[in-house]
Trainee: 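Below you'll find the structure I mean.
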Amino acid sequence: MLNIEELIAASVANIVKELSGNEVKPDSILIQKTRKEFEGDFTLVVFPFVRFLRQSPDQAADTIGKSLLQELDLVEKYQVVKGFLNLTLTKAFWQSFLLQSLDNEQFGYRNARSGIGAWPGEGIEAEEADDRPLVVEFSSPNTNKPLHLGHIRNNLLGYSVSLLQEAAGKKVVKVNLVNDRGIHICKSMLAWMMTGDGETPETSGKKGDKLVGEYYVRFEKMLREEADALAREKGLSDDEARNEAPLMKQARELLRKWEEHDPEVVSVWEKMNRWVYDGFDRTYARMGIDFDKIYYESDTYLLGRKIVLEGLKQGLLYRREDGSVWADLADHNMDAKLLLRADGTSVYMTQDIGTAQLRYDDYRPGKMIYVVGNEQNHHFSVLKKVLALLGKPYADAIHHLSYGMVELPAGRMKSREGTVVDADDLMDEMFATAGKMTEELGKTQDFSDEEKAALYQTIGLGALKYFILKVDPKKNMLFNPEESIDFNGNTGPFIQYTYARIRSVLRKAGEARFQAAKKGFAGAPVNEKEKQLLKALHDFPATVLEAAEEMSPARIANYAYELARAYNQFYHDHSVLNEPDEAVSNFRLCLSHLTAQTIHNAMALLGIHVPERM
RNA sequence: GGUUCCGUAGCUCAGUUGGAUAGAGCAACAGCCUUCUAAGCUGUGGGUCCUUGGUUCGAAUCCAAGCGGAAUCACCA
């Protein structure tokens, strides 16, 4: 079915062709929303075809306007302003849009395509890439430290982008790739073995990821002391001293033993990783994030190595004298990339090759989206080149969703300077602030303790998520811990509040009255504030598709804000239930209902809940 | 130095495939609660859209050069 903009555009194309005999390109017909300061609903920019019509812009606009008025019933009138043709659609059009949308709880979402759940299997290769599932990787933490603010942006983005793609009709698989192996985790293990005295999350009461993180910090501290001493004694550079320090040698020895599957080492590794996973799980749960599949690097790096060795056998890669294996990327003006060290161990790129293959085998995705910070832009362009070199069909399917860093007023977070903003702490603070604000406003006197806790969590998380998601992903963003995140203005709680207000009206009206209202508003007059609301609501489905296309939750966040603002302006000026004219009251009730539904659906795409009362 | 990204109000950010007089919020000031939730609404002040050229009927948006900032150019992940 054509939407209204397409319908008008098609009609305009016909008109111009009849008048001038010229075929106009569809994309030269620009239908946009009429700006607030002019009368009208949609605007046609006539400049692109004044040439064909051999008329002044205003004359051309008038000519087209007249024809549209005749041809399309839903065009009520038009006005010409400086080469812009402003069309006003009939009340009937808007009211039937409202009526049709009201019963659709999934308003704005495209239905998920059926039959895609049964992958992988025969025939999947023949399907269009568009019909295949999408794999979205996000979070991807290391297991030596708790999650921090940077991870929060990553998690929220990845989760929201997944929801957006689903809303656009794609089948989505959310995956996490846990970096559970390597020197960093060996450092935590070593510090724990040397100084831990058997401490566990149970004996200490500490969250597992926090506990392991503490040992990582302890290792770094001890290493620093050793390295400083060594640098003084032997006059070594800092890098040399750190490398030469006995602790560092022990950590590397631990890694070597791990790769040899030393049972004792593997057992400590498993134990401490489990602590971390338990901690992460709690943080994810609180954040409202989940995954369909978790990959572990310890499982994928060997596959990567296998693929590299096959590539070498096929002559796609080459071996240097020292035995290391490389990809030649000179054709792409890139330096050669190391894929296996001389000792046969793998690097980051190697395991990413394995991971990509595994995902392809598991899901045959049309696209593999990696939500990873922009510091890894180069890594991903190399990964794609290497996979192409290896002849992998999924090389082009890889899409790096690159996002900007979260910066503090003093710059980047630095663990050495203790400026890392911990994810759990931040959420705790948000919940506490939400509670304080709500108590001050005296809004929850009749709430039970459980209801209060749930509400404060909803508001606190809403504020945090909205704050982060409203910013264009590719831009760096600033977070100032001194100034707590706002609850007024362009914020999550503002939108949540608007929803709660509407729900309050709807509760007062009751379901029976709403059902009756749906049948009883035809022909009611539409005032300016109501028209603004209708236009905003009408925009939602297209906005969802654009946001999905651009992978930008920010588009949805800004949309939700505009919608809430439009409702509040309407609400301020007009009464729903106290309106004496029954048809008008019915109309406003329905308008309120669809607005609530749309706010709910928009916020859901950001992973934000909306409260019935606040 | 090469490559990529960013530069819009005092601050944080919007601004669709180029379209009308560049918008919000915060902060400041002034108003609005006997009426469905004032976490709201209304108003005032605040701009060299980094600069200079180019393309165009039309440029914050596209192109080129320059300036400023960030990331990256690892046998780290």
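A, B, ... follow the sequence lines: proteins, then strands. Residue 1 opens every chain. None of these values were measured; they are calculated from a predicted model.
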Trainee: Any strand counts, and the cut-off is 3.5 Å on both contacts for Watson-Crick or G-U wobble. Which nucleotide pairs with B:A70?
Mentor: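 Looking at the geometry, B:A70 pairs with B:U4.
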
Trainee: Taking atom types as modelled, is there a side-chain donor on A:Thr350 or A:Arg341 under 3.5 Å from an acceptor on the other?
Mentor: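 Checked: A:Thr350/A:Arg341 side chains show no N/O donor-acceptor pair below 3.5 Å.
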
Trainee: Restricting to salt bridge (charged side-chain N to carboxylate O under 4.0 Å, His left out), what partner residues turn up for A:Asp322, sequence neighbours left out?
Mentor: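 Salt bridge (charged side-chain N to carboxylate O under 4.0 Å, His left out) list for A:Asp322, sorted by chain: empty.
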
Trainee: Nearest whole Å is fine: how far is B:G40 C1' from A:Ile495 CD1?
Mentor: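 So the two atoms are 14 Å apart, to the nearest Å.
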
Trainee: Distance check, rounded to the nearest 0.5 Å: A:Asp446 atom CG versus A:Glu451 atom CD?
Mentor: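 Separation between the atoms: 7.5 Å.
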
Trainee: Under the ring-ring contact (aromatic ring centres under 6.0 Å, His included) test, which residues partner A:Phe431, sequence neighbours left out?
Mentor: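 A:Phe431: no ring-ring contact (aromatic ring centres under 6.0 Å, His included) contacts found.
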
Trainee: A:Arg565 side chain: which of B:C41, B:U37, B:A39 is closest?
Mentor: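 Out of B:C41, B:U37, B:A39, the nucleotide with an atom closest to A:Arg565's side chain is B:C41.
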
Trainee: Give A:Ile502 one of three labels, base, sugar-phosphate or nothing, depending on what nucleic acid heavy atoms sit under 4.0 Å from its own.
Mentor: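 Result for A:Ile502 = nothing.
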
Trainee: What is the distance from CZ of A:Phe42 to C1' of B:A20, rounded to the nearest Å?
Mentor: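 In whole Å, B:A20 C1' lies 18 Å from A:Phe42 CZ.
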
Trainee: In whole Å, what separates the P atom of B:C57 from that of B:U52?
Mentor: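 Nearest-Å result for B:C57 against B:U52 at atom P: 23 Å.
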
Trainee: Taking only residues two or more places apart in sequence, or in another chain, which ones meet A:Lys535 in a side-chain hydrogen bond (donor to acceptor under 3.5 Å, both in side chains)?
Mentor: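 Listed in chain order: nothing, the list is empty.
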
Trainee: Do the side-chain N or O atoms of A:Asn488 get closer than 4.0 angstrom to the phosphate oxygens (OP1, OP2) of B:G40?
Mentor: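 For B:G40, OP1 or OP2 has a side-chain N or O of A:Asn488 closer than 4.0 Å.
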
Trainee: Side-chain N or O of A:Ser575 less than 4.0 angstrom from OP1 or OP2 on B:U35?
Mentor: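 No, A:Ser575 has no side-chain N/O under 4.0 Å of OP1/OP2 on B:U35.
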
Trainee: Partners of A:Glu137 by salt bridge (charged side-chain N to carboxylate O under 4.0 Å, His left out), sequence neighbours excluded?
Mentor: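 Here the qualifying residues are A:Arg359.
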
Trainee: How long is the straight-line distance from NE2 of A:His600 back to OG1 of A:Thr595, given to the nearest 0.5 Å?
Mentor: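 NE2 of A:His600 is found 14.5 Å from OG1 of A:Thr595.
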
Trainee: Rounded to whole angstrom, note down the P distance from B:U21 over to B:G58.
Mentor: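 These two P atoms come out 14 Å apart once rounded.
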
Trainee: Roughly how many Å is it from NZ in A:Lys474 to C1' in B:G7, rounded to a whole number?
Mentor: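 My rounded result for the distance is 13 Å.
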
Trainee: Find the distance A:Leu441:CG to B:G40:P and express it as a whole number of Å.
Mentor: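 So the CG-P distance, A:Leu441 to B:G40, works out to 10 Å.
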
Trainee: Given that A:His574 and A:Thr34 both sit by RNA chain B, which one's nearest nucleotide is further toward the 5' end?
Mentor: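 Residue closer to the 5' terminus by nearest nucleotide: A:Thr34.
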
Trainee: Please name the nucleotide paired to B:A14 by Watson-Crick or G-U wobble geometry with both distances under 3.5 Å, or report none.
Mentor: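 Across all strands, not a single nucleotide pairs with B:A14.
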
Trainee: How far, in whole Å, is B:G18 from B:C6 if one measures between their P atoms?
Mentor: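 Between the two P atoms, the distance is 16 Å.
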
Trainee: From the set B:A39, B:C26, B:U37, return the single nucleotide nearest to any side-chain atom of A:Asp486.
Mentor: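 When the side chain of A:Asp486 is considered, B:C26 is the closest of B:A39, B:C26, B:U37.
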
Trainee: Output the rounded distance in Å from CD (A:Gln569) to C1' (B:A24).
Mentor: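 For the pair A:Gln569 CD and B:A24 C1', the rounded distance is 11 Å.
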
Trainee: Between the side chains of A:Asp352 and A:His379, is a donor N or O closer than 3.5 angstrom to an acceptor N or O?
Mentor: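 Distance-only check passes for A:Asp352 and A:His379.
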
Trainee: Rounded to whole angstrom, note down the P distance from B:C63 over to B:C75.
Mentor: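 To the nearest whole Å, 33 Å.
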
Trainee: Could you run through nucleotides 11-19 of chain B and give me one letter per nucleotide, 5' to 3': B if any protein heavy atom sits under 4.0 Å from the base, S if only the sugar-phosphate is that close, - if neither?
Mentor: -SSS-BB-B

Trainee: Distance check: side-chain N/O of A:Arg501 vs OP1/OP2 of B:A39, anything under 4.0 Å?
Mentor: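 Looking at the OP1 and OP2 atoms of B:A39, neither is under 4.0 Å from any side-chain N or O of A:Arg501.
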
Trainee: Mind listing the residues from residues 404-414 of chain A sitting with a heavy atom below 4.0 Å of RNA chain B? Number order is fine.
Mentor: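 RNA chain B contact set from residues 404-414 of chain A: A:Arg412.
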
Trainee: Both distances under 3.5 Å, Watson-Crick or G-U wobble: report the partner of B:A9, or none.
Mentor: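 Here B:A9 is not engaged in any pair, so there is no nucleotide opposite it.
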
Trainee: Which pairs, protein N/O on one side and nucleotides 75-77 of chain B N/O on the other, fall under 3.5 Å?
Mentor:
unit_1: B:C75; atom_1: N4; unit_2: A:Asp322; atom_2: OD2; d: 3.0
unit_1: B:C76; atom_1: OP2; unit_2: A:Arg341; atom_2: NE; d: 2.5
unit_1: B:C76; atom_1: OP2; unit_2: A:Arg341; atom_2: NH2; d: 2.4
unit_1: B:C76; atom_1: O5'; unit_2: A:Arg341; atom_2: NH2; d: 3.4
unit_1: B:A77; atom_1: OP2; unit_2: A:Tyr348; atom_2: N; d: 3.2
unit_1: B:A77; atom_1: O3'; unit_2: A:Asn179; atom_2: OD1; d: 3.3
unit_1: B:A77; atom_1: O3'; unit_2: A:Asn179; atom_2: ND2; d: 2.6
unit_1: B:A77; atom_1: O2'; unit_2: A:Asn179; atom_2: ND2; d: 2.8

Trainee: Tell me if the side-chain of A:Asp335 makes a donor-acceptor pair with the base of B:A74, cut-off 3.5 Å, by modelled atom types.
Mentor: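 No.
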
Trainee: Determine the Euclidean distance between corresponding C1' atoms of B:U42 and B:A38; express it in Å to zero decimal places.
Mentor: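 To the nearest whole Å, 13 Å.
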
Trainee: For nucleotides B:A71 and B:C29, find the distance between their C1' atoms and express it as a whole number of Å.
Mentor: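 Result for the C1' pair: 42 Å, nearest Å.
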
Trainee: Roughly how many Å is it from OH in A:Tyr561 to P in B:A39, rounded to a whole number?
Mentor: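 Atom OH in A:Tyr561 sits about 15 Å away from atom P in B:A39.
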
Trainee: Any idea if B:C63 is syn or anti, going by the 90°-from-0 cut?
Mentor: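 Anti, angle beyond 90° from zero.
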
Trainee: Under 4.0 angstrom, heavy atoms only, what part of the nucleic acid is A:Asn86 near: base, sugar-phosphate, or nothing?
Mentor: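 The answer is base, as A:Asn86 lies within the cut-off (heavy atoms under 4.0 Å) of a base atom.
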
Trainee: My understanding is that only residues two or more places apart in sequence, or in another chain, count here; which of them pass side-chain hydrogen bond (donor to acceptor under 3.5 Å, both in side chains) with A:Arg501?
Mentor: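 For A:Arg501 the side-chain hydrogen bond (donor to acceptor under 3.5 Å, both in side chains) partners, ignoring immediate neighbours, are A:Tyr497, A:Asn568.
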
Trainee: Could you please name the option among B:C26, B:C41, B:A20 that lies closest to any side-chain atom of A:Phe38?
Mentor: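 Per side-chain heavy atoms of A:Phe38, the pick is B:A20.
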
Trainee: Rounded to the nearest angstrom, tell me the gap between atom NZ in A:Lys385 and atom C1' in B:C73.
Mentor: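 Distance, rounded to whole Å: 14 Å.
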
Trainee: Please give the nucleotide sitting opposite B:A28 as a Watson-Crick or G-U wobble pair, both distances under 3.5 Å, or none.
Mentor: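 Answer to the pairing question: B:U44, which forms a Watson-Crick or G-U pair with B:A28.
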
Trainee: If you measure from the P atom in B:U8 to the same atom in B:G69, how many Å do you get, rounded?
Mentor: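 These two P atoms come out 14 Å apart once rounded.
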
Trainee: Which whole-number value in Å describes the distance from A:Asn568 CG to B:A24 P?
Mentor: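 Rounding to the nearest Å, CG of A:Asn568 and P of B:A24 are 15 Å apart.
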
Trainee: Would you state whether a donor and an acceptor, one from the side chain of A:Thr438 and one from the base of B:A39, lie under 3.5 Å apart?
Mentor: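 In this structure, the two groups form a donor-acceptor pair.
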
Trainee: If we call it a pair only when both distances are under 3.5 Å in a Watson-Crick or G-U wobble match, what pairs with B:A60?
Mentor: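 Paired with B:A60, as far as the under-3.5 Å criterion goes, is no nucleotide at all.
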
Trainee: Not counting sequence neighbours, which residues clear side-chain hydrogen bond (donor to acceptor under 3.5 Å, both in side chains) with A:Gln376? List them please.
Mentor: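 Partners of A:Gln376 by the side-chain hydrogen bond (donor to acceptor under 3.5 Å, both in side chains) criterion, ordered by chain and then number, come out as A:Tyr348.
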
Trainee: Could you work out, with ring-ring contact (aromatic ring centres under 6.0 Å, His included) as the rule, every residue matching A:Tyr466, not counting sequence neighbours?
Mentor: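 Residues passing ring-ring contact (aromatic ring centres under 6.0 Å, His included) with A:Tyr466: none at all.
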
Trainee: Using the C1' atom as the point on both nucleotides, what is the distance between B:C62 and B:U55, in whole Å?
Mentor: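 Here B:U55 and B:C62 have their C1' atoms 8 Å from each other.
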
Trainee: Residues in side-chain hydrogen bond (donor to acceptor under 3.5 Å, both in side chains) with A:Glu244, at least two apart?
Mentor: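 Testing A:Glu244 for side-chain hydrogen bond (donor to acceptor under 3.5 Å, both in side chains), a comparison that skips the adjacent residues, returns none.
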
Trainee: Let me have the donor-acceptor pairs involving side chains of residues 542-549 of chain A, under 3.5 Å, with sequence neighbours excluded, atom names and distances please.
Mentor:
unit_1: A:Thr543; atom_1: OG1; unit_2: A:Asp539; atom_2: O; d: 2.8
unit_1: A:Glu546; atom_1: OE1; unit_2: A:Arg555; atom_2: NH2; d: 2.4

Trainee: Side chain of A:Thr43, base of B:A20: donor and acceptor closer than 3.5 Å?
Mentor: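 Side chain to base: pair present.
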
Trainee: Checking A:Asn476 side chain against A:Met405 main chain: does a donor-acceptor pair fall under 3.5 Å?
Mentor: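 Answer holds: yes.
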
Trainee: Which value, rounded to the nearest 0.5 Å, describes the distance between A:Tyr571 atom OH and A:Lys529 atom NZ?
Mentor: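 A:Tyr571 OH to A:Lys529 NZ: 14.5 Å, rounded to 0.5 Å.
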
